Amino acid sequence: RPRTAARSDRLRQPLTDTYEHKHGDPAGRPTERRMIQSRDKFQLSISLSRPMAGSTLRIALLHLAPIPGALAKNRHLIAHAITKAACLGAAWIITPELAVSGYTFADTLGTDWIAPQPDPWMEKVRLFAARKRVAIFLSHPERDPQSGRLYNTVFAITSDGRLAGSHRKINALRVGSEAWSTPGTETTVFPMEPLGNVGMLICADAFSPGIANSLKAKGAQILVSSAAWAPGLHGPNGEWERCTKDTGLPLFVCNRTGADRTLDFRKADSVVAQDGRRLLSMSSERSAIFLIDWDLKAGTLASPEYRQILL
């Protein structure tokens, strides 16, 4: 299989070989890909063709297990996953809710580190998006520069590195692990090529029908949600499916995995939903990338298969 190596004196250290598992094909066998890492975690030496020739968009859901309060480790995990997803041909890359900080972080890490965005690390992500021509939906807490209030936010970065828009979580819990954040007050819709106007949700925003309906009324053509929604008594129970039934719009949900300090996400699902039903439910007990292909002309999955790449 031909591979193109980037010429750089900085490329030195090999990453661990990883295995890609193809789901939905009984005959599918694991394949091995070797990647090379440089000091800049966003550099890579393998160039694979992006399957967006004409009518198909490859989307990567980063189903990660961030560690509460471990900013450096979580940023490294996100950078590693984004790099690998781009290498595997993803044109859209979606991160789970609070991927940078972990879910239950405020009581140990505090909130002084939360800055107006984009901060220097997000600037690196923007540069990577522009260099590799990928769009990234990046969950990251932010501080409002005028009011100083803190928000649980997802930022949409275009394939030329611009910030297309952001969404502040509306249904933020006022107690417990989310008490640090101020609830957002507005729904936002913004264009993201090639799927058109995107409406953003964060986790429990799907619980209130009015939020998704407002996005539809503002011209959304597709819905994207970052989530940290564990299964169980208060887990998701048809909210994502209802959003698609009420609006007629497809929904991509990037959930997380791993055990947090207060919740266990290891059985949590990342989901593709459309027309009131789940087209795909994907879970992994360790950090993984889920790759799906979306048919731009038909407006649905190009295949019922997905690929899981363990990290």
Side-chain angles (χ1 to χ4, degrees), residues 1 3 13-38 41-48 50-51 58-68 70 72-100 102-103 125 128 132 134 136-139 226-231 252-260 263-272 278-293 301 303-311:
R1 186 176 301 176
R3 297 186 291 185
Q13 182 183 358
L15 292 172
T16 303
D17 288 342
T18 61
Y19 295 86
E20 173 189 316
H21 298 270
K22 187 174 183 180
H23 292 254
D25 180 4
R29 296 191 178 121
T31 60
E32 182 175 330
R33 286 190 172 94
R34 189 164 177 265
M35 298 174 64
I36 304 297
Q37 181 184 24
S38 74
K41 300 302 186 297
F42 291 106
Q43 292 286 338
L44 54 94
S45 69
I46 298 175
S47 219
L48 299 180
R50 180 165 293 118
R58 177 158 292 174
I59 300 171
L61 307 178
L62 305 188
H63 194 81
L64 305 180
I67 301 170
K73 288 184 178 179
N74 294 337
R75 283 169 174 161
H76 176 81
L77 175 63
I78 294 167
H80 177 53
I82 288 174
T83 299
K84 186 167 293 188
C87 176
L88 294 171
W92 274 26
I93 301 171
I94 308 171
T95 66
E97 179 185 7
L98 298 175
V100 168
Y103 186 65
V125 178
F128 173 82
K132 296 301 175 183
V134 295
I136 301 172
F137 295 84
L138 181 65
S139 174
S226 292
W229 205 338
F252 303 116
V253 180
C254 182
N255 211 341
R256 59 158 291 175
T257 188
D260 198 83
L263 293 169
D264 189 345
F265 297 93
R266 285 174 292 183
K267 300 295 185 183
D269 288 329
S270 287
V271 168
V272 178
R278 293 192 184 193
L279 303 184
L280 288 175
S281 293
M282 301 159 284
S283 65
S284 171
E285 293 197 359
R286 56 179 281 192
S287 292
I289 299 170
F290 298 129
L291 290 177
I292 63 172
D293 290 330
L301 289 172
S303 166
E305 300 173 353
Y306 70 95
R307 284 186 290 170
Q308 172 182 295
I309 299 89
L310 297 177
L311 298 172

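Just so it is clear, the model here is predicted, and its values are computed rather than measured.
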Does the side chain of [X] reach to within under 4.5 Å of the side chain of [Y], using non-hydrogen atoms?
X: D293; Y: S303; value: no
X: V125; Y: I136; value: yes
X: R256; Y: L64; value: no
X: V134; Y: W92; value: no
X: R307; Y: I292; value: no

For [X] and [Y], which heavy atoms make the closest approach, and how far apart are they?
X: L291; Y: A90; result: CD2-CB, 4.3 Å
X: A60; Y: I289; result: CB-CG2, 4.0 Å
X: V271; Y: S281; result: CG2-OG, 4.2 Å
X: P66; Y: A99; result: CB-O, 3.3 Å
X: P96; Y: N255; result: CB-O, 3.4 Å
X: A86; Y: I93; result: N-CD1, 4.1 Å

Atom [atom1] in [X], atom [atom2] in [Y]: separation rounded to 0.5 Å?
X: D264; Y: E285; atom1: CG; atom2: CD; answer: 8.0 Å
X: L61; Y: F252; atom1: CG; atom2: CZ; answer: 8.0 Å
X: L98; Y: S139; atom1: CG; atom2: OG; answer: 5.0 Å
X: F290; Y: L280; atom1: CZ; atom2: CG; answer: 10.0 Å

Where the side chain of [X] meets the backbone of [Y], is there a donor-acceptor pair that is under 3.5 Å apart?
X: N74; Y: V100; answer: yes
X: S287; Y: A65; answer: yes
X: R286; Y: L310; answer: no
X: R58; Y: L88; answer: yes
X: E97; Y: A227; answer: no
X: S226; Y: T95; answer: yes

**Report entry** CZ/R278: more than 12 non-hydrogen atoms of other groups inside 6.0 Å
**Finding:**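 Atom CZ in R278 is packed in, count exceeds 12.
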
Query - Stepwise side chain to side chain contact (heavy atoms under 4.5 Å, CB included) test for F128 and T83 - result: CA-CA 9 Å; F128 173 82; T83 299; 4.2 Å; yes

Query raised in the report: Is there a donor-acceptor contact under 3.5 Å linking the side chains of H63 and S284?
Result: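 There is no such pair between these side chains.
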
